[in-house]
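Proteins come first, then strands; the chains are lettered A, B, ... in the order of their sequence lines, and each starts at number 1.
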Amino acid sequence: ETGVTQSPTHLIKTRGQQVTLRCSSQSGHNTVSWYQQALGQGPQFIFQYYREEENGRGNFPPRFSGLQFPNYSSELNVNALELDDSALYLCASSRGGTSVDTQYFGPGTRLTVL
Amino acid sequence: AQSVTQPDIHITVSEGASLELRCNYSYGATPYLFWYVQSPGQGLQLLLKYFSGDTLVQGIKGFEAEFKRSQSSFNLRKPSVHWSDAAEYFCAVAPATSGTYKYIFGTGTRLKVLA
């Protein structure tokens, strides 16, 4: 069984640019959640996708957007990058979109904004 | 406001010693509770979770946690720490209702293990 994978591993961008991060969910999982983990902080919930629909959103501006594809993989897009967007971005997949469904995390994408 | 507090940013213990990591939460109702571990370069791995029932929960790698409603706490324990336990540990809560589960994580406790 393949676990959650994310690409790329590392990324460097400059302020104002746009970035797309990718996540492949674990086999049999239909839900993907995205988190931002700033240095020295715990992960913060960005949004969740359940069967290709956004199923909830944290306190992030609209320039953070996402997609989920029919194979349940997902993308996180961030427009107009700011220095504070530098962080580890984690995705997690699960069998469903409720709290009882265990989330399995990928290794993350480290984004640096210069 | 909903929050999770892990009061210890760093903890150092000797290999073989016992370990307790503290977690307190502030939430409208009793949430679901989780402990995750993050090793360098790795994603988060679930150690254990509490939904209801027995307040002492057993997890993987010899970890256990005790839910204390009166103290709004969910402390993680291990009787004998191994060098491979060195990592960062996160406590998290999620709503015990249907619909979106928006995990709220604490800021983490970094564990160092001395040989």
A.B. asks: Applying salt bridge (Lys or Arg N to Asp or Glu O under 4.0 Å) as the test, list every pair that has at least one member in residues 14-35 of chain A; sequence neighbours left out.
C.D. replies: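 Listed by first then second residue: A:R22-A:E75.
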A.B. asks: Holding to side-chain contact (heavy atoms from CB on, under 4.5 Å), I want the full list of residues that pass it with A:K13, two or more places apart in sequence or in another chain.
C.D. replies: A:L11, A:Q17, A:V19, A:L81, A:L111
A.B. asks: Using a 4.5 Å heavy-atom cutoff, which residues in residues 51-62 of chain B come close to chain A?
C.D. replies: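 Residues in range: B:F51.
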A.B. asks: Consider only side-chain heavy atoms of I, L, V, M, F, W and Y, link residues closer than 4.5 Å, and tell whether A:V78 and A:L90 are in one cluster.
C.D. replies: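 Each belongs to a different hydrophobic cluster.
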A.B. asks: Quick one: pull up OH in A:Y35 and CZ in B:F105 and give me the separation to the nearest 0.5 Å.
C.D. replies: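 Reported value, rounded in 0.5 Å steps: 5.0 Å.
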A.B. asks: Under 4.5 Å between side-chain heavy atoms, counting indirect links through other Ile/Leu/Val/Met/Phe/Trp/Tyr residues: same cluster for A:V32 and A:F64 or not?
C.D. replies: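 As far as the 4.5 Å side-chain criterion goes, A:F64 and A:V32 are connected within one cluster.
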A.B. asks: If a pair satisfies salt bridge (Lys or Arg N to Asp or Glu O under 4.0 Å) and one of its residues is in residues 18-43 of chain B, list it, with sequence neighbours excluded.
C.D. replies: B:D8-B:R22
A.B. asks: Same cluster for B:I104 and B:F67 if Ile/Leu/Val/Met/Phe/Trp/Tyr side chains link at under 4.5 Å?
C.D. replies: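 Same hydrophobic cluster.
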A.B. asks: Check whether A:Q6 gets within reach of chain B through its side chain, its backbone, both or neither, counting any heavy atom under 4.5 Å.
C.D. replies: neither
A.B. asks: Can you give me the closest heavy-atom contact between B:F90 and A:Q37, atom names plus distance?
C.D. replies: CZ-NE2, 3.2 Å
A.B. asks: Within a radius of less than 6.0 Å around CG of A:N59, do more than 12 heavy atoms belonging to other residues, nucleotides or ligands occur?
C.D. replies: no
A.B. asks: Is it the backbone or the side chain of B:L44 that comes under 4.5 Å from a heavy atom of chain A, or both, or neither?
C.D. replies: both
A.B. asks: What do you reckon, is CG of B:L114 surrounded by more than 12 foreign heavy atoms closer than 6.0 Å?
C.D. replies: yes
A.B. asks: Do B:V13 and B:L21 sit in the same hydrophobic cluster, where Ile, Leu, Val, Met, Phe, Trp and Tyr count as joined when their side-chain heavy atoms come under 4.5 Å apart?
C.D. replies: yes
A.B. asks: Pick one of side chain, backbone, both or neither for B:Q45, based on which atoms fall under 4.5 Å of a heavy atom in chain A.
C.D. replies: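 Contact with chain A is absent: no heavy atom of B:Q45 under 4.5 Å.
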A.B. asks: Would you give the length of the straight line joining atom CZ of B:F34 to atom CD of A:Q103, rounded to the nearest 0.5 angstrom?
C.D. replies: 7.5 Å
